[in-house]
There are 2 protein chains.
Amino acid sequence: MERLDKRETVCCGASVACESCAVRPLAVCGALPTDALARLARMTHPRRLGPGATLIEEGEPALDVFTVVEGMLKLYKLMPDGRRQITGFMIPGDFVGLSVGEAYIYSAEAVMPTTACRFRRNFFHGMMEDYPDLETRLLGIVSTELAAAQGQMLLLGRKTAKERLASFLLSLAGRLEVAAGDRLALPMTRSDIADFLGLTIETVSRTFTVLRKEGLLARVDKAGVVVADIDALARAAGD
Amino acid sequence: MERLDKRETVCCGASVACESCAVRPLAVCGALPTDALARLARMTHPRRLGPGATLIEEGEPALDVFTVVEGMLKLYKLMPDGRRQITGFMIPGDFVGLSVGEAYIYSAEAVMPTTACRFRRNFFHGMMEDYPDLETRLLGIVSTELAAAQGQMLLLGRKTAKERLASFLLSLAGRLEVAAGDRLALPMTRSDIADFLGLTIETVSRTFTVLRKEGLLARVDKAGVVVADIDALARAAGD
DNA sequence: CTTTCCGGTTGATCTGGGTCAATGAACGAC
DNA sequence: GTCGTTCATTGACCCAGATCAACCGGAAAG
């Protein structure tokens, strides 16, 4: 595989075929008719990001929006003293670049080699005017994200460490369509998981060990887990 | 004032004048032209709720959407064992009743006498088809809520008790447009504040005392506070 | 008036998860 | 191979906030 260094980003100038895009049915672009896809393809700028590369930064002018095509991004907010809260991990088909007003409200960084289609915000708004289904689709996507955010508030405000980790693994397995018994890849670090769950890396590590010793996870290593007992994991998640 | 008991709800059958609605400029209805307002007025069903009355319940079929006209609602999610996370307090102009799929994703309950305009979901979707600006406005509202939810994730995952309470008071004062030195009404109980901030009532109470003793708050009582030093409160909020 | 109730405050004590520290395992660089 | 680096795990100890408990004050009922 092509090697991408930290912070290196490659902007591919080659032509893009939205018509044959694998993630289109999942993504906001799935709302567009065939004749609009050519227009879309002319205006998109895919960006390739190596692990750790920054796509957008909180507070910067929000000039672009993105659709994740492959890989995974983490979205996060920082406090001045460095405390970090990861608000989500974005996978192929997900929409990134929401802003309220002029600036991005979170930073986005690749957790593994990642490709994202970039659109100018103004162009995207123009497309929404021309194709109302696009706006309807985006409303659905943002509503789904808001629902997920409210679930995460319950997790962060009221769940124990074990419930948090179990909820996280279940939710990720669901989104990535990994069945029980199969390996669930965890491309993010323990530090990322901790900052998503409102814990420390030590507690995340200890809690992985607990879940393994209790038999809910069959295998735990740096890069992934195997879910042994998905029902028990769901019970451990608390709701 | 008319007395409304807990759980009592009154559905007002009288005619409604959306044209002269005080919260319309704030609300989603503000996107509609004058001629659409008559149609809206014919189809809305204002509901009056006494303190503690339930407007919607998580998991119930999501048949209606609402705009808060006066008072305040709390939105919350429950775990089977009774742990509760309040995901937001909704004030006049706010939109309530988001669902993903068929069911409501949260419960909503009045914290004080409250009026909300009810619309059938199907009717509201029809209006969005006829008036695309309505959908655009709703997308903006949901995006703003998602941004607030991400801020709340940072609060719940990474902030101390003092930072949480300071953030909450600042945010509420901003939304209610209460200036420093004026009284900020807190119609919700300490238990509601605790369940919003991921704390216990004891910690909320102690933290109010700390903020008062440090001079950031001039007055603290059951029903409200007076912010003495808004800059210090902003510093205490952590970002 | 007294009583009960309910929400809030304060104090004493406990504990889940944080902090600090040591160790291990994987991976490039040389 | 041997460093150095980074990430993960584990153990020992600590603390912010939870829990348990006492008490207070206003409002409603009798």
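Convention: sequence-line order gives letters A, B, ...; per-chain numbering from 1.
Looking at B:D94 and B:R175, a side-chain N of the basic residue comes within less than 4.0 Å of a carboxylate O on the acidic one, giving a salt bridge. A salt bridge is defined here as a Lys NZ or Arg NE, NH1 or NH2 lying under 4.0 Å from an Asp or Glu carboxylate O, and A:E163 with B:R83 meets this definition. Ion pair B:R219/B:D221 flagged as a salt bridge, since at least one NZ, NE, NH1 or NH2 atom sits closer than 4.0 Å to an Asp/Glu carboxylate oxygen.
One finds a side-chain N or O of B:T209 lying less than 4.0 angstrom from the OP1 or OP2 phosphate oxygen of C:dT10. Of the side-chain N and O atoms in A:T203, none sit less than 4.0 angstrom from OP1 or OP2 of C:dG16.
Mapping A:R206 and B:V204 onto DNA chain C via the closest heavy atom, the residue that lands nearer the 5' end is B:V204.
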- Task: Give the intermediate values and the outcome of side-chain hydrogen bond (donor to acceptor under 3.5 Å, both in side chains) for residues B:T115 and B:E70.
- Result: CA-CA 5 Å; B:T115 308; B:E70 62 175 325; 3.2 Å; yes
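For DNA chain D, the neighbouring residues in residues 155-165 of chain B, judged by any heavy atom under 4.0 Å, are B:T160, B:A161. Within residues 71-85 of chain B, no residue places a heavy atom under 4.0 Å from DNA chain C.
As a whole-Å value, the separation of B:L186 CG from C:dG7 C1' is 14 Å. Between the CG atom of B:L199 and the P atom of C:dG16 there is a distance of 18 Å, rounded to whole Å. Between the CD1 atom of B:I193 and the P atom of C:dG8 there is a distance of 8 Å, given to the nearest Å. Between the CG atom of A:D195 and the P atom of C:dG17 there is a distance of 17 Å, given to the nearest Å. Look at CZ on A:R190: it is 10 Å from P on D:dT10, rounded to the nearest Å. Atom CG of B:L211 is separated from atom C1' of C:dT9 by 15 Å (rounded to the nearest Å).
Looking only at distances, no side-chain donor or acceptor of A:E109 sits under 3.5 Å from a matching main-chain atom of A:P51. In this structure, the side chain of A:K74 does not engage the main chain of A:G88 through any donor-acceptor pair within 3.5 Å. Checking side-chain atoms of A:S99 against main-chain N and O of A:A62 turns up no donor-acceptor pair under 3.5 Å. Checking side-chain atoms of B:T207 against main-chain N and O of B:K162 turns up no donor-acceptor pair under 3.5 Å.
Residues A:F95 and A:F66 keep their aromatic ring centres 6.0 Å or farther apart.
Across all their heavy atoms, B:L165 and B:V204 have their closest contact at CD2-O, 4.1 Å.
No engagement by B:I201 is indicated, since no non-hydrogen atom pair under 4.0 Å with the nucleic acid exists. A:S205 comes within contact range of at least one nucleobase, with a heavy-atom separation under 4.0 Å. Residue A:T200 is classed as a base contact, given a heavy-atom separation below 4.0 Å to a base.
When only modelled atom types and interatomic distance are considered, A:K77 and A:T87 share no side-chain donor-acceptor pair under 3.5 Å.
The nucleotide whose nearest atom lies closest to any side-chain atom of B:E202 is, among D:dA21, C:dG17, C:dG7, D:dA21. Closest contact between the side chain of A:K222 and the listed nucleotides D:dT9, D:dA8, C:dG8 involves D:dA8.
Not a single donor-acceptor contact under 3.5 angstrom links the side-chain atoms of B:R212 to the base of C:dT9.
Because its NZ or CZ atom is both nearer than 6.0 Å to the ring centre of B:Y76 and within 45° of the ring axis, B:R84 counts as a cation-pi partner of that residue.
In the helix from C:dC1-D:dG30 to C:dC30-D:dG1, the end axes, each obtained as the rotation axis mapping the C1' atoms of four pairs onto the next four within a five-pair block, lie 30° apart to the nearest 10 degrees.
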